[in-house]
Amino acid sequence: MDLKNYFNTQNGTGILSTADSSGRVDAAIYARPHVLDDGTLAMIMRERLSHKNLLENPYAVYLFMEQSHGYQGVRLFLKKVREDDDPELISKMVRRCLSPEDDLAKGPKFIVYFEIEKALKLVGSDPA
């Protein structure tokens with residue numbers, strides 16, 4: 001599956017699930033990831049629970065449900081490989097525009113990079 005094209009053409013809702021080192025799970029709404037040329041996914045995160053969990057446990061699942069009839073979408077099983085807090089790089093990747101004051105009030109941002117360990121369709125066990 002060409003994930004770069006998929007996420008550039010599909011509308012829907014994304015949910016990132018993470019767990020801390022004790023296995024306590026969290027789920028949060030996240031925008032579509034950035035798909036890099038090497039297949040790595042990048043997500044911009046604030047300093048909140050999902051980010052904290054990834055510092056303790058690098059594994060996550062990103063579920064994307066298409067805005068369509070029925071249950072269409074993908075589940076991506078991810079492993080965090082690195083992160084960056086370079087403001088210039090983050091500003092190039094941000095899709096949502098906030099005023100500088102509102103952005104600052106929401107706290108620091110990070111780009112978190114993931115490798116995809118497995119990709120499945122939204123429903124069932126078929127590969128995406």
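Remember, it's a predicted structure, so these values are computed and weren't measured experimentally.
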Here's a test for you: under ring pair (Phe, Tyr, Trp, His ring centres under 6.0 Å), which of Tyr30, Tyr71, Phe7 qualifies with Phe64?
Phe7
For residues Ile116 and Gly39, report the shortest heavy-atom separation together with the two atoms involved.
CD1-O, 3.9 Å
Apart from Phe77 itself, residues in the same hydrophobic cluster as defined by side-chain heavy atoms under 4.5 Å:
Val61, Leu120
dist Arg75:CZ -> Ser125:OG (nearest 0.5 Å) comes out at 8.0 Å
Can you check whether Ile29 reaches Ile15 side chain to side chain, under 4.5 Å on heavy atoms?
yes
Heavy-atom count around Lys121 NZ within 6.0 Å, excluding the residue itself: above 12?
no
Rounded to the nearest 0.5 Å, how far apart are CG of Leu76 and CD of Glu117?
11.5 Å
What I'd like to find out is whether the side chain of Leu54 reaches to under 4.5 Å of the side chain of Glu83, using heavy atoms alone.
no
A side-chain contact here means heavy atoms from C-beta on lying under 4.5 Å apart; do Asn11 and Arg32 qualify?
yes
Examine Leu49 and Leu16 and state if one hydrophobic cluster contains both, with Ile, Leu, Val, Met, Phe, Trp and Tyr joined whenever side-chain heavy atoms are less than 4.5 Å apart.
no
Establish whether Tyr59 and Val112 are linked, either directly or via other cluster members, by ILVMFWY side-chain heavy-atom contacts under 4.5 Å.
no
Nearest atoms (heavy-atom pairs only) where Asn53 meets Thr18
ND2-OG1, 2.9 Å
State which residues pass salt bridge (charged side-chain N to carboxylate O under 4.0 Å, His left out) with Arg82; sequence neighbours excluded, sorted by chain then number.
none
Atom pair OH/CG of Tyr113 and Leu41 - distance to nearest 0.5 Å:
11.5 Å
Minimal non-hydrogen separation, Lys109 against Ile44, with atom names:
CD-CG2, 3.9 Å
Nearest heavy-atom pair of Gly70 and Met65: which atoms, and what distance?
O-CE, 4.4 Å
Same cluster for Leu3 and Leu78 if Ile/Leu/Val/Met/Phe/Trp/Tyr side chains link at under 4.5 Å?
yes
Closest contact, heavy atoms only, Met93 versus Ala42
CE-CB, 3.6 Å
